[in-house]
Amino acid sequence: MTTPPLPSPGTAAPVESLPAAGSMKPATTIARGRVHAEQANKRVRALLGGHVVVDTIRPVLVWEGPHYPVYYLPAEDVRATLEPNGKIARSPSRGDAVRHDVVIGGRTAPDAAGTYPDSPIPQLRGLVRLDWDAMDEWLEEDEVVYGHARNPYHRIDILSSSRQVRVEIDGVTVAESTRPVVLFESGIRPRYYVPLTDVRTELLVPSESSTHCPYKGTAGYFSVQVNDKVHEDVVWIYRTPLPESIRIAGLVCFYDEKVDVYVDGNHT
């Protein structure tokens, strides 16, 4: 199935005019309230109902905000039908987005795509923005990617440590370890992962919650019950993390912002 012609009153600038992904840190541009775009070279696919919605080797990474980029895809590489639904989403930086339903193989993802035929950013005019959560799966090359597109400026370092880590909740020590694994992630405070054997596991209450990270994989959660109170989702675990984060497999991390974590006696 091919995509019908998209409204494109203006000529899109060639994506070759964009900087290569990872070559120009976007922080300054984003701080000034402007959109930053870079040309990526990964093969990117999105799936819906077992059908390939898009398959491209020319994705564009667009920073709409400061934290991570969004994929914009060449319209000619979209295999689904994009049906305009009459909605317009306005953006002061990107211009008006014409909203579309995505239809393929008998499946419809309502209001799941946007195009920018009159964008003040010429490189966006021939591209399609698919809503990430509206698709069943996203792949970079042949690997599933979780949560959002990977940021070429984002880094993770995982290091073994002998620092003493102690976790308290409501004055009760629930974990204590001298063999943590410390995860340093761009823009995020260090996270201290400890073995389950260094945790008072009788206080852990399994949770149905989960979150997805493109760098670490899927995390499961525990709540903690102390002093007759349940503290919801304050512990997470990556049981089968992605290869680059395999060193935290099976370890648990406490949510520093919600509990009291002490490292070498100092409150984090």
Side-chain angles (χ1 to χ4, degrees), residues 18-27 29-30 35-48 52-74 77-78 102 109 112-114 127-159 181-193 207-221 233 235-253 255-257:
L18 293 171
S23 65
M24 183 183 296
K25 195 168 185 178
T29 299
I30 296 300
V35 169
H36 179 80
E38 295 180 358
Q39 178 64 56
N41 294 306
K42 294 176 181 176
R43 182 185 183 190
V44 171
R45 284 170 285 178
L47 308 180
L48 180 65
V52 178
V53 173
V54 63
D55 187 349
T56 186
I57 57 172
R58 302 174 299 150
V60 174
L61 290 169
V62 178
W63 278 260
E64 302 171 342
H67 300 299
Y68 56 82
V70 176
Y71 275 129
Y72 280 59
L73 302 316
D77 293 337
V78 175
V102 177
L127 304 179
V128 177
R129 185 193 190 282
L130 295 173
D131 293 353
W132 188 277
D133 291 337
M135 302 295 104
D136 293 336
E137 301 285 355
W138 287 83
L139 291 89
E140 293 180 346
E141 296 298 335
D142 288 348
E143 295 188 7
V144 175
V145 61
Y146 301 94
H148 56 79
R150 294 173 188 247
N151 186 340
Y153 302 99
H154 196 96
R155 179 182 174 89
I156 286 179
D157 290 311
I158 302 174
L159 304 175
V181 171
V182 190
L183 188 147
F184 300 91
E185 184 169 358
S186 300
I188 299 174
R189 65 168 64 186
R191 298 295 190 187
Y192 296 88
Y193 286 76
S207 169
E208 296 297 319
S209 300
S210 65
T211 56
H212 308 286
C213 170
Y215 316 105
K216 299 186 290 291
T218 299
Y221 282 78
D233 296 341
V235 187
W236 65 80
I237 183 171
Y238 288 92
R239 298 187 183 277
T240 54
L242 297 174
E244 58 263 42
S245 298
I246 196 65
R247 295 182 65 186
I248 61 171
L251 306 179
V252 298
C253 185
Y255 202 158
D256 300 53
E257 293 86 347

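Of the possible donor and acceptor atoms, one in the side chain of Arg150 sits under 3.5 Å from a partner among the backbone N and O of Pro214. Using modelled atom types, one side-chain atom of Asn151 and one backbone atom of Tyr153 make a donor-acceptor pair closer than 3.5 Å. Remark: side-chain polar atoms of Glu185 are not paired, donor with acceptor, to backbone N or O of Asp157 under 3.5 angstrom. No donor-acceptor pair under 3.5 Å is formed between the side chain of Trp138 and the backbone N or O of Ala149.
Two residues are said to be in side-chain contact when any heavy atoms from C-beta on lie closer than 4.5 Å; Trp132 and Val145 meet this criterion. Between Leu242 and Tyr146 the shortest side-chain heavy-atom distance falls below 4.5 Å.
The neighbour count for Glu143 CD, taken as heavy atoms of other residues, nucleotides or ligands under 6.0 Å away, does not exceed 12. When the shell of 6.0 Å around CD of Glu141 is examined, it contains more than 12 heavy atoms from other residues, nucleotides or ligands. Heavy atoms from other residues, nucleotides or ligands lying under 6.0 Å from CZ of Arg189 number more than 12.
Remark: Tyr68 engages His148 in a ring pair (Phe, Tyr, Trp, His ring centres under 6.0 Å) (not counting sequence neighbours). Take Asp142 and apply the side chain to side chain contact (heavy atoms under 4.5 Å, CB included) test, not counting sequence neighbours, and it matches Arg43, Arg45. Evaluation of the side chain to side chain contact (heavy atoms under 4.5 Å, CB included) rule for Leu47 yields Val52, Glu137, Leu139 as partners, not counting sequence neighbours.
In this structure, CD1 in Ile156 is found 12.0 Å from CZ in Arg191, a value given to the nearest 0.5 Å. In this structure, OH in Tyr192 is found 11.0 Å from CG in Leu183, a value given to the nearest 0.5 Å. The line from CD of Glu38 to CH2 of Trp63 is 4.0 Å long, rounded to the nearest 0.5 Å. Annotation: the span from Ile57 atom CD1 to Asn41 atom CG amounts to 8.5 Å, rounded to 0.5 Å. Of the inter-residue distances, the one linking Tyr221 atom OH with Ile237 atom CD1 reads 12.0 Å to the nearest 0.5 angstrom. Expressed to the nearest 0.5 Å, how far SG of Cys213 lies from NE2 of His154 amounts to 6.5 Å.
Taking both residues in full, the closest heavy atoms of Val62 and Tyr72 are given as CG2-CD1, 3.4 Å, listed atom of the first, atom of the second, then distance. The two atoms that bring Thr56 and Pro74 nearest to each other are OG1-CD, 3.6 Å, heavy atoms only. The two residues Leu130 and Met135 come nearest to each other via the heavy atoms CD1-SD, 4.4 Å. What you find for Ala134 and Leu48 is that their closest heavy atoms are O-CD1, 3.6 Å. Across all non-hydrogen atoms, the minimal contact from Ile246 to Pro241 is CA-CG, 3.8 Å. In this structure, Pro190 and Asp256 approach most closely via the heavy-atom pair O-OD2, 4.3 Å.
The aromatic rings of Tyr238 and Tyr193 lie tilted to each other, with the angle between the two planes from 30° to 60°.
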